[in-house]
Amino acid sequence: MATVEVAREDIIKRLENTIARDPNAVASMYAPDAVRYDPTAPQGMKGRDAIRKYHETLAKAFKDVEARTLSVVSKGDITAWEWVFTLTHGGPFELPTGTLAATNRRVTLRGATFYRFNRKGLIAEQRDYFDIAGLMQQLGIKS
């Protein structure tokens, strides 16, 4: 079991260093048939290619990304990652309501991600939870 735990911790470290920077590296951590759910993409994403494309939009939208892990907990095939991202909105951000032009605002986003890993150690399912309303407020979007 220790080997699996170390591998998951390694994946979290790799994600810290690649999210919003290298969509291909991020996609390589997912199973070909992985699914991902995120508040900014409520319809979800299915498949490694869709997840890569989503990360391409994040890489265009956000610059100067700083990621910090608060905690990582694993049990069975599930790993929970509590995180804080600080980033600059420097490009178009695709949202369900349309595209938000760059605001050049520096924002802080706190949240948690739950992963289910397959037997090969790849991410099979991901569910992100964060305060989308708080993010929109930091970006200057009025409700």
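For the numbers below, each heavy atom of this structure counts, side chains included, while hydrogens, waters and symmetry mates do not.
Side chains of F93 and T57 form no contact here, defined as non-hydrogen atoms less than 4.5 Å apart. Residues T99 and L95 are not in side-chain contact: their nearest non-hydrogen atoms beyond the backbone lie 4.5 Å or more apart. Taking the side chain as every heavy atom from C-beta outward, R36 and H55 approach each other to under 4.5 Å. Residues K46 and I51 fail the side-chain proximity criterion, which asks for heavy atoms closer than 4.5 Å. Side-chain contact between E56 and L58: absent, with no pair of heavy atoms (C-beta onward) separated by less than 4.5 Å. Considering only heavy atoms from C-beta on, D64 stays 4.5 Å or farther from L87 through its side chain.
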Considering only distance and modelled atom types, tabulate donor-acceptor pairs under 3.5 Å from the side chains of residues 107-114, sequence neighbours left out.
residue : atom : partner : partner atom : Å
T113    : OG1  : W83     : NE1          : 2.8
T113    : OG1  : D128    : OD1          : 2.5

Name the atoms and distances for all side-chain donor-acceptor pairs under 3.5 Å in residues 25-35, with sequence neighbours left out.
residue : atom : partner : partner atom : Å
S28     : OG   : A25     : O            : 2.7
Y30     : OH   : Q126    : OE1          : 2.2

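The closest donor-acceptor contact from the side chain of K63 to the backbone of K60 lies under 3.5 Å. For the pair H89 (side chain) and G91 (backbone), a donor-acceptor distance under 3.5 Å is present. With hydrogens and angles disregarded, a donor-acceptor distance shorter than 3.5 Å links the side chain of T103 to the backbone of R105.
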* To do: Under the side-chain hydrogen bond (donor to acceptor under 3.5 Å, both in side chains) rule, what do Y115 and S74 come out as? Steps first, then yes or no, please.
  => CA-CA 9 Å; Y115 298 100; S74 293; over 6 Å; no
* **Criterion side chain to side chain contact (heavy atoms under 4.5 Å, CB included) on D38 and R127, from CA distance to verdict** => CA-CA 6 Å; D38 182 289; R127 294 181 183 273; over 6 Å; no
* For I141 and L100, run side chain to side chain contact (heavy atoms under 4.5 Å, CB included): C-alpha distance rounded to whole Å, both residues' side-chain angles, the deciding distance at 0.1 Å, then the answer. => CA-CA 9 Å; I141 306 302; L100 176 62; 3.3 Å; yes
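In the model, T86 has no side-chain atom that pairs as donor or acceptor with a side-chain atom of E66 under 3.5 Å. If you check the side chains of S71 and E82, you find a donor sitting under 3.5 Å from an acceptor.
The structure places CZ of R106 at 4.0 Å from OG1 of T88, a figure rounded to the nearest 0.5 Å. Note that CG of N118 and CD of E125 are 12.0 Å apart. Values are rounded to the nearest 0.5 Å.
Criterion: ILVMFWY side-chain heavy atoms under 4.5 Å apart, direct or through other members. Under it, Y54 and Y37 are not part of a common hydrophobic cluster.
Residues G90 and A102 come closest through the heavy atom pair C-CB, 3.4 Å.
By the salt bridge (Lys or Arg N to Asp or Glu O under 4.0 Å) test, K53 pairs with D49, sequence neighbours left out.
Between F85 and F130, the gap from one ring centroid to the other reaches at least 6.0 Å.
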